[in-house]
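The next block holds one structure in the form of structure tokens; read it before the comments.
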Amino acid sequence: MKYEFHQIEEKWQKVWKENQTYKVTEDKSKPKFYVLDMFPYPSGAGLHVGHPLGYIASDIFARYKRLKGFNVLHPMGYDAFGLPAEQYAIQTGQHPADSTKKNIKRYREQLDKIGFCFDWDREVITCEPEYYHWTQWAFLKMFNCWYDNKTNKATPIESLIAEFEANGNQNIDAATDLEGTFTSDEWKSWDEAKQEETLQKFRIAFLSDTMVNWCPALGTVLANDEVKDGVSERGGHPVEQKKMKQWCLRVTAYAQRLLDSLDELGWTDSLKEMQKNWIGRSEGATVYFPIKDSNERMEIFTTRPDTIYGVTFMVLAPESELIEQVTTSDQKAAVDAYLDKAKRKTERERMQDKTISGVFTGGYCKHPFTNEDIPIWIGDYVLGSYGTGAIMAVPAHDERDWAFAKHFNIPIVEVVAGGDVQEASHDAKSGKLVNSDLINGLDVKDAIPKIIAEIDSRGLGSRKVNFRLRDAIFARQRYWGEPFPIYFKDGIPKPLDESDLPLRLPEVDAFKPTETGEPPLGRAKNWTTKDGYPIELSTMPGFAGSSAYYLRYMDPHNDKGLVSKEANEYWQDVDLYIGGTEHATGHLIYSRFWNKFLYDLGYVCKDEPFKKLVNQGMIQGRSNLVYRVKGTNQFVSLGLKDKYETSTLHVDVNIVENDILDTEAFKKWRPDFKDAEFILEDGKYVCGYANEKMSKSLFNVVNPDDVIAKYGTDTFRLYEMFLGPIQQSKPWNTSGIEGIYRFLLKVWRLYNRDDQFNVVDETATADELKSLHKCIKKVDGDIQNFDFNTAISAMMICVNELSDLKCNKREILEKFVVMLCPFAPHIAEELWSLLGHTTTVTLADFPTHDEKYLVESNWNCPVSVNGKLKFVLDLPVDYGKAEIEKAVMEDERTKALLNGKNLAKLIVVPKKIVNLVIK
RNA sequence: GCCCAGAUGGUGAAAUUGGUAGACACGCUAGACUUAGGAUCUAGUGCUUCGGCGUGGAGGUUCAAGUCCUCUUCUGGGCACCA
């Protein structure tokens, strides 16, 4: 028999499908293990060789765990709602539902060819009503909850309303936008609209009139993580700041918890660091500065309250509502002119423009300690969206304040010794305080708590923790998303009843967005409740559907709830999550928030969803380049190109092999190259190369289907893993794939000699056992550490050794095939069945190594003098320190080396090296 | 500007975590078999002036450093007027 990989792979994929080999149920007799991939977004381009990298790794791990006796949940689905799918549909003139369906079909075909062990019975597709039912359900729960800071959890809104009716809000400590207090009488005196307006400031899903990232080209608002450098992440369209009424999620209520539980997670440090930065906790104080000749006060946030005696001016963000009050009549014209100019700048321009600008309002504050007058300025280096949108400026000890003060000639007062504050700001977080009355002489770290205590006791403010994290803007003025289960009665938002879910996405005659922001759902007919009340027109953003999909896999067909208690208690959480870093500040924050919310309400049993997370690197494209001699149709090979004046062109990597161009295919590639001529070197045309993003326009996209057609999927799987460490980004390059194919061929020949199955029931030799057990030990450890590349190397070594030994013993080969199974399951199944098994290899036990076969009779003991290797001594492997020492000292060569010299020290580390130190 | 990760042959990469650097694979060279080879097998392959030298560079700790410490250069990623 030959190694007919296509036949073998097709055969076993069919067997797995027919036998439902990978279907899992909650089996309490086995320990569970949940391996999850970040489900794909089915784009129009299909999968390229970069996509399966993580899927192959997780598949290997899932198969390994199964062989180790775990009940493994390894599901797959599609993140199908959202902006890119809709953009693709618009561009290709299709309905997003149709294009999504087609794309999913294509993805499935491609995934199936790779031979994954997914339980497809558990597939979830986020755009299907059976799934988004539970996205809407979770939203309703968030709408109907507030966050109680006293108990530190989300709590049903009824308890808040009851408290308002009894005592107003004075005893409430909640995550809220509300400022000030009201009494129960006041609450009762308000009409429904006013009451609801107040409740919105407490709900976890709430409507808010807020500054949003508005993207005119996409016709929608975007969340902060969807905006990079002032342009949309999708498509790179400009984004502007606009005040709009929007649905938001109160993610900030969970900021501290999201930060705290990060420590327990088995994620990489860099990913945790990214989330920490995104959450952006900073400790400091809020301080009130009374406004001169007014009852109002200006609230600021500072991390350096110790520098308060160095304040020489205050700055308001151009968006600040205080501006109107503090601006004097003679400054009004100047202020208006400045604000007008500031407003016309987009966020991006404001970020890029590093020139100092500002204007004096004419108004003053009183310094809370010294009672001196402090001028109030407006400056666009202060952000309206962070802290209170106002700062106390300490030019001596803050670089930005210093630049502003220098520019406008404002005094600079030193309060921390150690720098020359007239020359540059001294931002050090240590040093002695000067010119600071109460805290003079203290070091910064002691001055901070002292001054906060002082601020607190005088009622001038309080200790305060600020977060950079913003509430998530949760509405999109687009068609392709989950409809909100909210209707409006007299303009007041009301939740739909849970029994009315799912609220199906209606048909519309045109689903394209509008530049002005009227959502497409406005065109839907009868988009009202049974009673005729209008339903919310926005849809939910892409991250809504992906925030709880891992829970749905536990119980995908449940029509009573997102996940049943039994299923959730069995599967608990994701033991291993594999995906890219690009979701660090989006999906991975939102799901953690979503999960914690459901945890608070008791719907899930774990506070954190993803126990361990591995980030796979990206596979870049390896573009090939050809060099056309200018003005001709001649192409010159890489080595000769410097002799000509050339222009460089990208060429389709599929007609290049190992950088050698297939010149005939090139002529057929494009009509204008039909008559191309080639200047060859050694009879070949050698192409240049460049590592770039894998993209259609660079002709460097490699489709896994093509690789599989040529070498088979077992080779493809092994090769992707052999390319290097899973976490590392690397360019795709097929030049080494032959080596992997040869490896599988060698494996095949181990079981089949001269095309005949040839395995015998004989006792294995010590060498054979040693080779196998060494390999098992290495592969077992490597899989657990995700070092798949070195595991494969170990198996290659083993196969080479067994081939040299001409080993065809069942005892050895049976164990080897099980070990190979997670990596190359199809060939493993075939060999397993050739070995006479009637069940699939999936049900076998992963072999365990036995140290006794690894013990060597002798080992080489290197002996060095002053760090230089002098000779090697053969010693019994069980020698201890003293015996090694004795053997070394008695050796003739040692005596020769020591001849007349003094031995200063002898360092013996068993099984390592012996060092003689000679003076 | 701040934070994180990384740098090892012609190439992808290993290195039991401080112990003979370059395993394994690609590529390359030579040979064998062959009508043929993009098949298979065998041998060689870090550099070298054959003394040695070698893990981006410069120092340091150590009997011993790719691995630990200090400084530095470059590359990739994240955040960015966050008070």
Side-chain angles (χ1 to χ4, degrees), chain A residues 228-229 268-278 280-282 284 300-305 307 315 317 350-354 356 379-383 385-394 397-401 403-404 427 466-470 581-582 584-585 615 617-618 620 657-660 718-719 722-725 727-740 742-743 745-746 749 777-778 781 787 789-800 803 860-872 904-907 909 911-918:
Chain A
K228 296 254 149 78
D229 299 324
T268 60
D269 289 339
S270 69
L271 190 64
K272 288 189 195 178
E273 200 61 37
M274 258 191 242
Q275 290 215 339
K276 269 182 201 159
N277 290 341
W278 187 258
R281 182 192 152 102
S282 54
I300 60 97
F301 173 74
T302 177
T303 54
R304 291 295 302 276
T307 61
V315 189
R350 202 166 137 179
M351 262 158 47
Q352 281 173 344
D353 187 4
K354 302 273 181 202
I356 296 153
D380 69 0
Y381 77 99
V382 174
L383 303 175
S385 55
Y386 183 77
T388 59
I391 62 155
M392 66 176 209
V394 185
H397 306 291
D398 182 283
E399 200 189 327
R400 293 152 304 172
D401 297 345
F404 196 87
D427 296 11
N466 235 333
F467 293 96
R468 207 194 68 109
L469 186 74
R470 288 294 108 79
T581 6
E582 66 272 22
T585 53
N615 293 119
M618 275 216 279
Q620 295 147 306
E657 192 159 339
N658 290 341
D659 290 341
I660 309 295
L718 280 164
Y719 186 61
F722 190 66
L723 226 38
Q727 301 87 344
Q728 206 167 298
S729 287
K730 56 229 149 191
W732 176 260
N733 183 352
T734 45
S735 64
I737 198 164
E738 304 276 351
I740 295 289
R742 259 171 236 158
F743 162 65
L745 216 52
K746 280 182 201 166
R749 289 203 194 115
K777 186 180 181 181
K778 177 84 175 135
D787 294 329
N789 53 334
T790 50
I792 294 166
S793 295
M795 289 192 286
M796 287 178 173
I797 295 169
C798 183
V799 166
N800 286 342
S803 301
N860 300 326
C861 170
V863 179
S864 82
V865 174
N866 293 349
K868 307 237 165 179
L869 184 77
K870 289 298 173 185
F871 61 90
V872 175
K905 216 157 123 199
L906 183 68
I907 300 155
V909 184
K911 292 223 76 175
K912 285 189 177 164
I913 198 165
V914 172
N915 265 280
L916 303 162
V917 185
I918 297 176

Separation of [N] [atom2] from [X] [atom1] (nearest whole Å):
{"X": "A:D787", "N": "B:U16", "atom1": "CG", "atom2": "P", "result": "10 Å"}
{"X": "A:I737", "N": "B:G27", "atom1": "CD1", "atom2": "C1'", "result": "16 Å"}
{"X": "A:M795", "N": "B:A25", "atom1": "CE", "atom2": "C1'", "result": "13 Å"}
{"X": "A:N466", "N": "B:C81", "atom1": "CG", "atom2": "P", "result": "15 Å"}
{"X": "A:M274", "N": "B:A80", "atom1": "CE", "atom2": "P", "result": "12 Å"}
{"X": "A:N615", "N": "B:G76", "atom1": "CG", "atom2": "C1'", "result": "15 Å"}
{"X": "A:I792", "N": "B:A23", "atom1": "CD1", "atom2": "P", "result": "18 Å"}
{"X": "A:E738", "N": "B:C28", "atom1": "CD", "atom2": "C1'", "result": "16 Å"}

Taking the side chain as everything from C-beta on, heavy atoms only, tell me whether [X] gets closer than 4.5 Å to [Y].
{"X": "A:M796", "Y": "A:I740", "answer": "yes"}
{"X": "A:F722", "Y": "A:S793", "answer": "yes"}
{"X": "A:I391", "Y": "A:T302", "answer": "no"}
{"X": "A:Q275", "Y": "A:T585", "answer": "no"}
{"X": "A:F743", "Y": "A:V799", "answer": "yes"}
{"X": "A:S385", "Y": "A:R470", "answer": "yes"}
{"X": "A:F404", "Y": "A:D398", "answer": "no"}

Check your understanding: Is A:I797 touching bases, backbone alone, or none of the nucleic acid, heavy atoms closer than 4.0 Å?
Key -> sugar-phosphate

Point to revise | Sugar-phosphate, base or nothing in reach of A:D401, heavy atoms under 4.0 Å | key: nothing

Please tell me which of the listed nucleotides, [options], lies nearest to the side chain of [X]?
{"X": "A:N800", "options": "B:A25, B:A83, B:U40", "value": "B:A25"}
{"X": "A:R468", "options": "B:A83, B:C79, B:A14", "value": "B:C79"}
{"X": "A:W278", "options": "B:U40, B:C81, B:C79", "value": "B:C79"}

Check your understanding: For the residue pair A:Y386 and A:F301, does the interplanar ring angle fall in the parallel (under 30°), tilted (30 to 60°) or perpendicular (over 60°) class?
Key -> perpendicular

Separation between the [atom1] atoms of [N] and [M], rounded to whole Å:
{"N": "B:G51", "M": "B:U45", "atom1": "C1'", "answer": "23 Å"}
{"N": "B:U40", "M": "B:U34", "atom1": "C1'", "answer": "10 Å"}
{"N": "B:C4", "M": "B:U42", "atom1": "C1'", "answer": "49 Å"}
{"N": "B:C47", "M": "B:A21", "atom1": "C1'", "answer": "14 Å"}
{"N": "B:G22", "M": "B:A65", "atom1": "P", "answer": "16 Å"}
{"N": "B:U55", "M": "B:G9", "atom1": "C1'", "answer": "10 Å"}
{"N": "B:C2", "M": "B:C71", "atom1": "P", "answer": "14 Å"}

Exercise for review: Could you pick out which residue, A:I740 or A:T388, lies toward the 5' side of RNA chain B when each is mapped onto its nearest nucleotide?
Suggested key: A:I740

Review point. Closer to the 5' end of RNA chain B via nearest nucleotide, is it A:M392 or A:T790?
Key: A:T790

Which atoms of nucleotides 2-12 of chain B (N or O only) lie under 3.5 Å from a protein N or O atom, and what are those distances?
| from | atom 1 | to | atom 2 | distance (Å) |
| --- | --- | --- | --- | --- |
| B:G12 | O2' | A:L723 | O | 2.4 |

Is [N] syn or anti, taking syn as a glycosidic angle within 90° of 0?
{"N": "B:U17", "result": "syn"}
{"N": "B:G9", "result": "syn"}
{"N": "B:G51", "result": "syn"}

Check your understanding: Centres of the A:Y719 and A:W732 rings: under 6.0 Å?
Key -> yes

Review point. Looking at A:N789 and A:G724, what are the two nearest heavy atoms and their distance?
Key: ND2-C, 3.7 Å

Would you tell me if any nitrogen or oxygen in the side chain of [X] comes within less than 4.0 Å of OP1 or OP2 on [N]?
{"X": "A:R742", "N": "B:C26", "value": "yes"}
{"X": "A:Y381", "N": "B:A83", "value": "no"}
{"X": "A:R304", "N": "B:A83", "value": "no"}

Exercise for review: Take A:M392 and A:T307 through the test side chain to side chain contact (heavy atoms under 4.5 Å, CB included) and record every step on the way to the result.
Suggested key: CA-CA 10 Å; A:M392 66 176 209; A:T307 61; 3.8 Å; yes

Check your understanding: Counting only heavy atoms not in A:E582, do more than 12 fall under 6.0 Å of its CD?
Key -> yes

Check your understanding: Please, what dot-bracket string fits RNA chain B when only Watson-Crick and G-U pairs with both distances under 3.5 Å count, crossing ones use [ ] and pairs to another strand use |?
Key -> (((((((..(((......[....)))((((((.......))))))((....))..(((((..]....))))))))))))....

